[in-house]
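Here is the naming used below: chain letters follow the sequence lines, and residue numbers restart at 1 for every chain.
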Number of protein chains: 2
Amino acid sequence: MKSLSEIRRAELRRAAFAVLQQQGMAGATLEKVAAQAGASKGIVLHYFRNKQEVFEHAMREANAQLMESIVLRMRQARSPQERLFAIIDGNFAEHFFQPSVCQGWLSLCAAVPHDKTLARIQRVIHARMRSNLVSALKDLVAAKDIEATALGITTLIDGLWLRRSLQGERFTRREALEQMEDYVRARTGLALGLADAFRQASP
Amino acid sequence: MKSLSEIRRAELRRAAFAVLQQQGMAGATLEKVAAQAGASKGIVLHYFRNKQEVFEHAMREANAQLMESIVLRMRQARSPQERLFAIIDGNFAEHFFQPSVCQGWLSLCAAVPHDKTLARIQRVIHARMRSNLVSALKDLVAAKDIEATALGITTLIDGLWLRRSLQGERFTRREALEQMEDYVRARTGLALGLADAFRQASP
DNA sequence: TCAATCATTGACCAATTGGATAATAAACTA
DNA sequence: TAGTTTATTATCCAATTGGTCAATGATTGA
C-alpha cells in the first residue's frame, strides 16, 4: 500500500528527471518541474526540502530505471556469460539509450562534484555496477584481470553514453553495442553477441 | 604583435574556464568570471556579446590547451606507434588530467546539447581527434578495424575523463593510463608503454 | 459529524543575474 | 596637442527564481 505522499514524490522525481533531459541543469527550475508534473511550484517544496533534494531524488530515479532494465535481463541469465550480457545489454536498452536520457544523466554527472549527496549516490551506483560485473566476470577471466576488466567495461559504457549525449542520433545504439562487443572480445575472448540483432544474416 | 584586445579576450576565456572548473555551469556567473580575471563584470560583456559566447570561447580555450599538450608530444614522434602514444598520452598530461579540469570539461559537455555553437565546436574537436587517431592507426591495424578502433580509443578516453570527474583523486592517472594500455594492447597487440613511468622495475 | 491532518495553491519576497547605458579614463593618431 | 577611438567601471533595470507563508480545499478517522 503506497501512501499518497509516496506516489506524489515518485511523480515529482520522475518529472524532475524529465526536465533535466529536456533542459539540462541550467534550465532546470522548480517551476518547470512542477509544470512537468502538472502541479504548482509550491507542491515541489512541500515534498522536498529544497531544489538540491529534488535532483538528488531525480538521480536515484534515473538509476532505478537503469537497474530495472538490468534486473529484468538478469532474471533470464543462466550462466556467468549471460549475466555479463545482461548487465551490458541493460545499459543500452532501447528506451533508455536515448539522447535525451543520456543528456539528463550527463547533467547529473556534471553536478556531482558540487553536491556531496549526489557524489554519495554516484559512489553507491558505481559500487553496485562494479560488484555486478566482478561477480559475472569471476569465471570468465583470470582472477588478476577481473578488477581492471570490470572498470574498463563501466568506463567504456560511460564513454558511450557521453558520446550519445554529444552526438544524439548521429551516434547509434548499434555502434555502441558493437563497441562493447569488440571490447569484451578483445579483452576476454568471449563473443557475447551484443550486436547480433543488427546482423544481416548468420555468417 | 597581439592586440591588447586579443590579450584581454584570452585572459577572460581562461578565467571563464577556471570558473567552470571550480563552480560548474550552475555557479558560472559573469561576475565570477570577471572577478577571476581581476576585472569588472562590464568588461566581460565588452569583449563578448553575451554569456553564451563567453563559454563557447572557454570551450575553445580548454581544447586549445589539450591540443598544445598533444602537439608537443607529436613533435617528438617518429613512427605511427609513437604518434599513437603521443595522442593518448597527451590526453592524460599531468597538469591536465586533474579533477578540476575534467570537471570543467564535463560541465561544457553537459551544455553541448543546449547550445548549437557548443555543439559545432564539439563536432570539430571530435573530428580532429578522430582524424589524428585514424592517421596514426593506418599502419598499425587492419584497414577495416581502423574506424572502430579510433572510436573506441576516444570513447575510452572520454570515459576515463568522466570517471576522473566523478571520483577525483580516488581515481588516479595511473589507473587511467593502465586502462588505455590494456585497451590498445587487447585491440591492436601493441605495447605502447603508457603506464611505464609507474612500473617498479622491468620484469 | 466534526475536528484534525494532509494536499495544494497563489501571492509574496529577497537575492541573484544577465545585460544595457552613460560616464570616465587611457591610448592612440594625425 | 586636439580629437578620436578604445578600455573600463559604476550604476541601473527587468526578469528569473528559490523559498516562505497563509489561506483553502480535501481526506481521514474517531
Asks: Can you tell me which residue pairs pass the salt bridge (charged side-chain N to carboxylate O under 4.0 Å, His left out) test with a partner in residues 24-48 of chain B, sequence neighbours excluded?
Replies: none
Asks: Tell me which nucleotide among C:dA7, C:dT9, C:dT17 gets nearest to the side chain of A:Ala39.
Replies: C:dT9
Asks: Tell me every residue that passes ring-ring contact (aromatic ring centres under 6.0 Å, His included) with A:His57, counting only those two or more places apart in sequence or in another chain.
Replies: A:Phe48
Asks: Sequence neighbours excluded, which residues qualify as side chain to side chain contact (heavy atoms under 4.5 Å, CB included) partners of B:Asp115?
Replies: B:Gln52, B:Glu56, B:Thr117, B:Leu118
Asks: Tell me which residues in residues 11-28 of chain B put a heavy atom below 4.0 Å from DNA chain C, sorted by number, or none.
Replies: B:Ala28
Asks: In terms of side-chain heavy atoms of B:Ile43, which of D:dT9, C:dG19, C:dT9 is nearest?
Replies: D:dT9
Asks: Going by ring-ring contact (aromatic ring centres under 6.0 Å, His included), name the residues that satisfy it together with B:Phe96, two or more places apart in sequence or in a different chain.
Replies: B:Trp161
Asks: Using a 3.5 Å limit on both distances, find every run of at least three consecutive Watson-Crick or G-U pairs that involves DNA chain C.
Replies: C:1-30 with D:1-30
Asks: Can you check whether A:Thr29 has a side-chain N or O nearer than 4.0 Å to OP1 or OP2 of D:dG18?
Replies: yes
Asks: In chain order, what residues pass the side chain to side chain contact (heavy atoms under 4.5 Å, CB included) check against B:Ala35, with sequence neighbours excluded?
Replies: none
Asks: Using a 4.0 Å cut-off on protein heavy atoms (strictly under), produce a 5'-to-3' string for nucleotides 20-30 of chain D with B for base contact, S for backbone-only sugar-phosphate contact, and - for none.
Replies: B----------
Asks: Table please: side-chain donor-acceptor pairs of residues 167-177 of chain A below 3.5 Å, with sequence neighbours left out.
Replies:
from     : atom 1 : to       : atom 2 : distance (Å)
A:Gln167 : NE2    : B:His126 : ND1    : 3.2
A:Thr172 : OG1    : A:Glu175 : N      : 3.1
A:Thr172 : OG1    : A:Glu175 : OE1    : 3.3
A:Arg173 : NE     : A:Phe92  : O      : 2.6
A:Arg174 : NE     : A:Glu178 : OE2    : 2.9
A:Glu175 : OE1    : A:Thr172 : N      : 3.1

Asks: Rounded to whole Å, please give me the gap between CD in B:Glu53 and P in C:dG18.
Replies: 15 Å
Asks: Quickly work out the A:His46 NE2 to C:dT9 C1' distance and round it to whole Å.
Replies: 11 Å
Asks: From D:dG19, D:dA10, C:dG18, pick the nucleotide closest to the side chain of A:Asn50?
Replies: D:dG19
Asks: Would you mind listing every salt bridge (charged side-chain N to carboxylate O under 4.0 Å, His left out) that reaches into residues 101-112 of chain B, with sequence neighbours excluded?
Replies: none
Asks: Starting from P on D:dT9, measure out to CG on B:Leu30 and report it in whole angstrom.
Replies: 15 Å
Asks: Can you measure A:Glu6 atom CD to C:dC6 atom C1' for me and round it to whole angstrom units?
Replies: 15 Å
Asks: With the side chain of A:Lys51 defined as its heavy atoms from C-beta on, choose the nearest nucleotide among D:dT9, D:dG18, C:dT17.
Replies: D:dG18
Asks: Specify the separation, in whole Å, of atom CZ of A:Phe48 and atom P of C:dA7.
Replies: 13 Å
Asks: Please identify each residue that fulfils ring-ring contact (aromatic ring centres under 6.0 Å, His included) with B:Tyr183, with sequence neighbours left out.
Replies: A:Tyr183
Asks: Checking the side chain of A:Ser165 only, and the main-chain atoms of A:Cys102 only, is there a donor and an acceptor separated by less than 3.5 Å?
Replies: yes
Asks: If you measure from the Lys or Arg side-chain nitrogens to the Asp or Glu carboxylate oxygens, is any gap between A:Glu11 and A:Arg14 under 4.0 Å?
Replies: no
Asks: Find the distance A:Glu31:CD to C:dG10:P and express it as a whole number of Å.
Replies: 11 Å
Asks: Checking side-chain polar atoms at under 3.5 Å, does B:Arg73 have a donor or acceptor matched by the opposite partner on B:Ser69?
Replies: yes
Asks: In whole angstroms, how far is the P atom of D:dT6 from the CZ atom of B:Arg9?
Replies: 14 Å
Asks: So, does B:Tyr47 get its side chain near the phosphate of D:dT6, meaning an N or O under 4.0 Å from OP1 or OP2?
Replies: no
Asks: So, OP1 or OP2 of C:dT8: does either fall under 4.0 Å of a side-chain N or O from A:Arg8?
Replies: yes
Asks: Which side-chain N or O atoms in residues 78-85 of chain A pair as donor and acceptor under 3.5 Å with protein atoms at least two apart or in another chain?
Replies:
from    : atom 1 : to       : atom 2 : distance (Å)
A:Ser79 : OG     : A:Glu82  : N      : 3.1
A:Gln81 : NE2    : A:Ala191 : O      : 3.3
A:Glu82 : OE1    : A:Arg78  : N      : 2.7
A:Arg83 : NH1    : A:Ser135 : OG     : 3.0

